[in-house]
Number of protein chains: 2
Amino acid sequence: LTYDLILIGFGNVARRFVALLDEQRHTLARRYGLTTRVVGIATRRHGCVYGSSAAVSGFSRTLTAGRMQDGPSKGGHFVPATTLDFLRDALTRSRAAARQRRLVVVETTTLDIARGEPATRHIRAALAGGAHVITANKGPAAFAYRALARAAARADRRFLFEGAVMDGVPVFNLVRETLPAVNVIGFRGVVNSTTNFILTAMEQGQPFAAALAEMQARGIAEADASLDVDGWDAAAKTAALANVLLGAGITPHAVARQGITPDAGRRAAEARAGGRRLKLVARARRERRRVTARVSLEELPADDLLAGLEGQQNAIILETDLLEEIAVVQRGGSLTQTAYALLSDLVTIARATPQSPPSRRGHRSL
Amino acid sequence: LTYDLILIGFGNVARRFVALLDEQRHTLARRYGLTTRVVGIATRRHGCVYGSSAAVSGFSRTLTAGRMQDGPSKGGHFVPATTLDFLRDALTRSRAAARQRRLVVVETTTLDIARGEPATRHIRAALAGGAHVITANKGPAAFAYRALARAAARADRRFLFEGAVMDGVPVFNLVRETLPAVNVIGFRGVVNSTTNFILTAMEQGQPFAAALAEMQARGIAEADASLDVDGWDAAAKTAALANVLLGAGITPHAVARQGITPDAGRRAAEARAGGRRLKLVARARRERRRVTARVSLEELPADDLLAGLEGQQNAIILETDLLEEIAVVQRGGSLTQTAYALLSDLVTIARATPQSPPSRRGHRSL
């Protein structure tokens with residue numbers, strides 16, 4: 001089955017996603033009967049394009065090659081009043097694909113972390129228009145998971161966001177696909193790479209600012225680094241995890257939040273000298289009907305799994321009813337991993353669609 | 001859909017599995033439209049039973065309560081020449097259910113680790129008879145994965161064995177269901193609880209024999225503890241992982257194997273004193289067309305994820321092409337976890353069957 005993709009947001013993640021689809025096209029076709037074509041792209045500064053394969057891929061190539069100047073220019077693309085207007089128009093034009101359940105909106109716009117917008121708005125519109133939605137954005141699940149999950153159920157379409165936490169390393173898919181009948185009672189984890197990198201660097205005597213600058217140079221820190229440093233990014237991920245895994249129905253504002261400051265350097269070095277590690281730990285737990293969640297600095301004993309996370313490594317330890325504790329650890333992170341999360345969500349959609357052939361070929365098919 | 005189960009082997013794991021199905025029946029019905037009934041049981045020492053729900057559950061209750069003496073006795077059950085004869089007869093009698101794809105053979109017999117039998121024989125017969133197969137046995141995937149996967153594909157039935165490694169913590173399901181398009185290049189891990197417990201105990205000055213006795217008393221060590229101590233159990237798991245994840249086509253005999261002896265105690269204590277940890281590490285890696293696999297004692301730096309595994313904890317670190325390294329850690333192990341693995345395999349089958357309702361209800365359904 002060929003899926004039509006509308007890309008809302010066309011930054012580094014979306015571009016890497018498009019490249020990855022191309023690199024993996026033989027595997028996707030052979031294993032999952034999945035092919036794709038991009039039918040629309042909305043950018044922040046270069047307008048939008050919808051239509052023929054040639055127009056869209058020309059636009060995509062020009063942007064990726066960095067040959068387009070800021071602001072609208074002439075060509076196959078146009079500048080709608082808002083991205084939402086473009087999306088609605090594109091959904092209308094793609095209604096045949098939507099009806100055939102083969103339309104997918106890929107949401108990767110920059111997030112306003114205080115409100116979870118505009119991503120949430122885009123996703124509502126996409127589902128209402130009969131598209132599946134995949135996103136690497138944590139905002140929608142952090143701010144509006146319950147409403148969006150309901151909207152998806154009503155529309156009989158999927159809303160998937162594996163990349164919201166730990167990039168492509170499966171957390172949401174892990175629980176949904178491989179832990180049937182298991183109830184998650186709580187979790188704790190290290191979910192922000194920038195702060196963990198800074199804490200690890202400060203333990204070894206490096207200054208806060210230098211470590212942060214390195215994370216910014218490598219493109220790991222958020223554009224507005226205070227979102228990482230103040231614990232906002234971790235709080236948003238905690239809310240998303242709590243909403244999905246614990247049924248919490250909270251927003252990041254309900255997560256008790258602590259960040260890291262240059263002062264934490266001395267504490268981190270002292271902890272390490274004493275055989276302990278200072279970590280920014282995200283926690284949530286269901287107690288009867290209520291879910292409590294927080295992000296805070298914790299001194300952990302050296303043999304704690306979270307204590308051993310160096311540099312940018314992340315991990316989540318799930319506390320469950322039937323399986324006690326299970327941990328999943330991300331030991332490498334990159335743009336490819338985030339883009340891969342989108343690809344894995346796309347495959348999840350393709351697998352659930354009856355037309356796709358059974359994945360019973362080769363040694364991967366058990 | 002109601003699945004008919006034929007239990008081949010009725011030891012602790014199978015009994016806990018039957019109890020777990022009962023405990024979870026509401027969840028299974030609601031989330032996955034899955035109900036079950038046991039139509040046949042083959043035991044090692046108490047004969048076999050096939051037939052009406054009343055006869056089977058009476059037999060099951062009597063055995064579970066421990067009220068039946070060794071050897072055949074009167075009643076609804078009978079003693080076939082071999083378990084394989086019973087299985088073939090049961091498959092014939094269940095052919096209607098088999099045709100409807102709702103017959104499942106649950107294989108939990110005791111394994112001859114040098115040959116992977118009789119489990120492998122049972123599974124061939126089950127697939128040929130139109131049944132799906134789920135097993136907690138590592139033997140079949142360790143000795144005959146490729147042939148059994150082919151037999152399952154030919155029969156258009158599933159052959160699943162999540163419990164073969166790390167009990168119910170997903171490894172095979174993780175790769176199959178949540179890592180589409182990712183290729184596993186290699187792995188390393190600690191996969192045998194008994195030897196890890198003994199090494200941890202010896203580090204702290206406990207004698208080998210006492211630690212082993214504790215693992216036997218807790219029912220963690222194999223009935224023949226030499227299988228753990230000599231590294232056979234780890235080698236079989238390594239072969240199973242290499243066959244499934246790396247397409248190796250090997251048996252445990254092809255895994256270079258080292259075990260642990262009381263001598264390792266001094267080495268473990270010295271390593272720990274020097275800030276390192278001695279672990280029995282399973283490794284396999286694909287190099288071009290060839291897969292090499294081994295189980296050996298390794299001294300690991302303290303910050304290695306495997307070094308931090310205390311007592312019975314297990315972990316596997318997957319090396320992948322798209323996602324670098326991902327680790328999954330089992331922090332608790334019990335009979336329930338192994339039984340849960342069978343349950344998760346059963347749900348995997350139910351989910352792939354078109355009759356089951358979509359799992360879109362409640363907060364677990366994204």
Side-chain angles (χ1 to χ4, degrees), chain A residues 20 24 27-28 31-32 146 149 152-153 156 158-160 167-170 172-182 243-244 246-247 302-305 308 310 315 317 322-334 336-337 340 343-344 347-348 351-352 354 360 362-366, chain B residues 20 24 27-28 31-32 146 149 152-153 158-160 167-170 172-182 243-244 246-247 302-305 308 310 315 317 322-334 336-337 340 343-344 347-348 351 354 358 360-366:
Chain A
L20 195 58
Q24 299 290 326
T27 302
L28 294 172
R31 283 196 196 153
Y32 312 107
R146 207 177 273 177
D156 195 18
R158 302 300 293 269
F159 160 48
L160 299 170
D167 302 324
V169 173
F172 300 111
N173 285 336
L174 178 85
V175 173
R176 190 185 59 231
E177 303 294 335
T178 73
L179 298 177
V182 164
N243 287 340
V244 179
L246 306 176
D303 61 0
D304 189 294
L305 185 137
E310 306 290 336
I317 304 173
L322 291 179
L323 289 178
E324 304 178 40
E325 287 190 350
I326 302 170
V328 57
V329 186
Q330 176 183 34
R331 292 162 60 86
S334 66
T336 296
Q337 295 218 3
Y340 171 78
L343 185 144
S344 78
V347 171
T348 298
R351 277 175 162 176
R360 284 213 190 76
H363 75 271
R364 281 288 307 282
S365 57
L366 313 205
Chain B
L20 195 58
Q24 299 291 327
T27 302
L28 294 172
R31 283 196 197 153
Y32 312 108
R146 207 176 271 176
R158 302 301 292 267
F159 160 48
L160 299 170
D167 301 326
V169 172
F172 301 110
N173 285 337
L174 177 85
V175 174
R176 190 186 58 232
E177 304 294 337
T178 74
L179 298 177
V182 164
N243 287 340
V244 179
L246 305 177
D303 62 0
D304 189 295
L305 185 134
E310 305 290 336
I317 304 173
L322 291 178
L323 288 177
E324 303 177 40
E325 286 191 349
I326 302 170
V328 57
V329 185
Q330 175 183 34
R331 292 163 59 84
S334 67
T336 297
Q337 293 218 5
Y340 171 78
L343 186 145
S344 79
V347 171
T348 298
R351 279 174 158 175
R360 283 213 192 75
R361 296 173 200 158
H363 73 271
R364 279 292 305 285
S365 57
L366 316 202

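Chain identifiers are assigned alphabetically (A, B, ...) following the order of the sequence lines, protein sequences preceding nucleic acid strands; residue numbering begins at 1 within each chain. Below, all heavy atoms of this structure are taken into account, side chains as well, without hydrogens, waters or symmetry copies.
By the side-chain contact (heavy atoms from CB on, under 4.5 Å) test, B:E325 is found to be paired with A:R331, B:I317, residues two or more places apart in sequence or in another chain being considered. Checked against side-chain contact (heavy atoms from CB on, under 4.5 Å), A:Q24 has the following partners two or more places apart in sequence or in another chain: A:L20, A:T27, A:L28, A:L343, B:A181, B:L322.
With chain A as partner, the option from B:L323, B:V347, B:T178 having the largest number of non-hydrogen pairs under 4.5 angstrom is B:L323. The residue among B:D303, B:I326, B:T348 with the most heavy atom pairs within less than 4.5 Å of chain A is B:I326.
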Evaluation steps, side-chain contact (heavy atoms from CB on, under 4.5 Å), between A:L179 and B:Y340: CA-CA 9 Å; A:L179 298 177; B:Y340 171 78; 4.0 Å; yes
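A 4.5 Å side-chain heavy-atom check between B:N243 and B:R146 finds every atom pair outside the cut-off.
Both the backbone and the side chain of B:V328 come within contact range of chain A, with heavy atoms under 4.5 Å apart.
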